[in-house]
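One structure is given here, and the rest of the page talks about it.
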Amino acid sequence: MCGIIGIAGTAPVADRLVDGLKRMEYRGYDSAGVCTLHEGALVRRRAEGKLANLVEEVSGNPAPGLLGIAHTRWATHGAPTAANAHPHATDHVALVHNGIIENFRPLRTELTDDGRTLESETDSEVVVHLISREVENGASPQEAVQTVLPRLRGAFALAIVFREHPDILIGARRGSPLVVGYGEGEMFLGSDALALAPLTQKITYLEEGDWVVLTRDTAEIFDGENAPVERPIVTSGASAAAVEKGNYRHFMQKEIFEQPTVVAQTLASYIRQSDESVALPQIDFDLSAVNRITIVACGTSFYAGMVAKYWFEQFARVPVDVDVASEFRYREPVLEEGGLSLFISQSGETADTLAALRHCKEAGQTIAVVVNVPTSSMAREADLLLPTHAGPEIGVASTKAFACQLAVLAALAAHMAVKKGQMSRAEEQDVVHHLLEAPAALNAALDHDDDIAGMAHLIAPARDVLYLGRGPDYPMAMEGALKLKEISYIHAEGYASGEMKHGPIALIDEHVPVIVLAPSGPLFEKTVSNMQEVRARGGQIVLISDEEGLEEAGEGCLATICMPKVHPLIAPLVYAVPVQLLAYHVAVAKGTDVDQPRNLAKSVTVE
Ligand code: F6R
């Protein structure tokens, strides 16, 4: 959440700053702002709402200058108004902040008791006043930052400019990512390499606790103890083109259609075609000794974890706990020796998941992560990094990252089963065959895009929608409901089909569409029975199944969606497609903002 960019440049920076914000708008989009240094003054422009409003503001009221900072916000403290938009400033200092300053209340009281007037309701503004007070008392920018950082509790990435020091840009990170970019006589700061992609590919990822002083041609990095440190400069490989929609109307649509390719890409690094085996990265611990798996994640990544629980238990016969990260630590989980803690995250930065990871690490667990950003905090803190190769995911609703998470988790479960002697060579080859069928099956599922678009009008008027599934289709039902609610704002819930009769069936009437995920197979008959219970009460069914299933139970449904017949192992991957497309087309039919739904942000870096 919140995107930060800073440029110490040799040419005017405002347009480039705003352009950088465009590539980070997925991180937050309820207000935006820019501050440049020009002729001894801080020039600040801010606007409520989407970035387009800031673009308009800056075009009518330019922000000249060769050095500046900018921000796109996802509100935590204070409403999304122009007054709460970043940069926050005093007469001497301006800054942008991503994260949460947990002790901002006592700091705010201290500042107001000191006679200072704060203009916003944000936690961030206290930081600019604390730094400014030091500067006003004669401290250098470096001294001021060094004094203030240890006083802050919580998470932050900061970019700070100083009116009296027009050649210096200071950045700091604790808990929220920040990168330094190296240009030709110019230096950059950004929340991620993507933000800087057209400016430079030469990147340094700041480490936890680091802060950096940039001039146009130098970067001095200090660690949390203020000791100068060297951090490697790497080539980022981030491409600005990855943040473009191409011929698609929305990023989400583009990302749904990328799934066959990115799943194939991901599988390619987990499967050795030569002997049809599952091949994982170098593992420095004994996978066969793992006696319990604790899976922790949020949102869609959590549902991937729920699906994986079936695979780990079925293949490797290892007991699995799955928790949402925001609850995990608070239930004081029992973490026994020999346990593997597995964290799933597209961004690798989700604050709750990261906090859970650190909790497990402290408890002596082995840490594995399935992440889509290999430079993320989770990736760096793991014992075993299992990257998904989905490429940048920009649409706020996760789609292609989820499919790749499932692919990696299936491979890991099979590999663990082999190591534990629970899966024979022939069975492993079987798993590999089925996984390799996934890209073609995803393509076949995508072929039904037009049919799904054509039935969106049946769901769009609904106030409530229920999704039902059994076995691994149960988490898929919850994933379907999450997709629908987050982008179309229709209330939706996913239930285990068999649970319907224990309460939720009371909700059923002809106005509540019930979407049933039921591939033909061993669980089909039971799910269909649950579906009949719904139908008997006037419920309108949308059945998603294969030809065989639809033939058996499709009659009398409000609509049906035909999926290819696939092995149960890859059914969750394939059935993700219709629920994603349905949510997408319903949102389009309702005219909501598909890629930037209200109140959400792509990467939630606060707890
Ligand atoms: C839903 C969605 C979110 C994320 C959740 C975790 O479509 O995108 O529920 O899955 O915020 O994010 P990551 O995977 O980055 O940890």
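One-based numbering, in listed order, for ligands and for the atoms of each.
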Check this for me: does any side-chain nitrogen of one of Glu479 and Lys483 sit under 4.0 Å from a carboxylate oxygen of the other?
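Yes, Glu479 and Lys483 are salt-bridged.
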Would you call Lys50-Glu25 a salt bridge at under 4.0 Å N-O?
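Salt bridge absent between Lys50 and Glu25.
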Any pair with a residue in residues 382-395 that passes salt bridge (Lys or Arg N to Asp or Glu O under 4.0 Å), sequence neighbours left out, goes on the list, sorted by first then second residue, please.
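Matches after skipping sequence neighbours: Glu393-Lys602.
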For residues 452-470, pull every pair meeting salt bridge (Lys or Arg N to Asp or Glu O under 4.0 Å), keeping only residues two or more places apart or in separate chains.
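Listed by first then second residue: nothing to list.
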Run through all N or O atoms in ligand 1 and write down each protein N or O closer than 3.5 Å, as a pair with its distance.
unit_1   : atom_1 : unit_2 : atom_2 : d
ligand 1 : 7 (O)  : Thr300 : OG1    : 3.3
ligand 1 : 7 (O)  : Ser398 : N      : 2.9
ligand 1 : 7 (O)  : Lys483 : NZ     : 2.9
ligand 1 : 7 (O)  : Glu486 : OE1    : 3.3
ligand 1 : 7 (O)  : Glu486 : OE2    : 2.4
ligand 1 : 8 (O)  : Val396 : O      : 3.2
ligand 1 : 8 (O)  : Ser398 : N      : 3.3
ligand 1 : 9 (O)  : Thr300 : N      : 3.3
ligand 1 : 10 (O) : Thr300 : N      : 3.1
ligand 1 : 12 (O) : Thr350 : OG1    : 3.4
ligand 1 : 14 (O) : Ser301 : OG     : 2.6
ligand 1 : 14 (O) : Gln346 : N      : 2.6
ligand 1 : 15 (O) : Ser345 : OG     : 3.4
ligand 1 : 15 (O) : Gln346 : N      : 3.4
ligand 1 : 15 (O) : Ser347 : N      : 2.9
ligand 1 : 15 (O) : Ser347 : OG     : 2.7
ligand 1 : 15 (O) : Thr350 : OG1    : 3.3
ligand 1 : 16 (O) : Ser345 : OG     : 2.6
ligand 1 : 16 (O) : Thr350 : OG1    : 2.4

Can you check whether Val296 reaches Leu342 side chain to side chain, under 4.5 Å on heavy atoms?
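No, too far: nothing below the 4.5 Å cut-off.
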In residues 319-335, what donor-acceptor pairs under 3.5 Å come from side-chain atoms, sequence neighbours left out?
unit_1 : atom_1 : unit_2 : atom_2 : d
Asp321 : OD1    : Arg292 : NH2    : 3.4
Asp321 : OD2    : Arg292 : NE     : 3.0
Asp323 : OD1    : Arg331 : NE     : 3.2
Asp323 : OD1    : Arg331 : NH2    : 2.5
Asp323 : OD2    : Arg331 : NE     : 2.8
Arg329 : NH2    : Glu607 : OE1    : 2.7

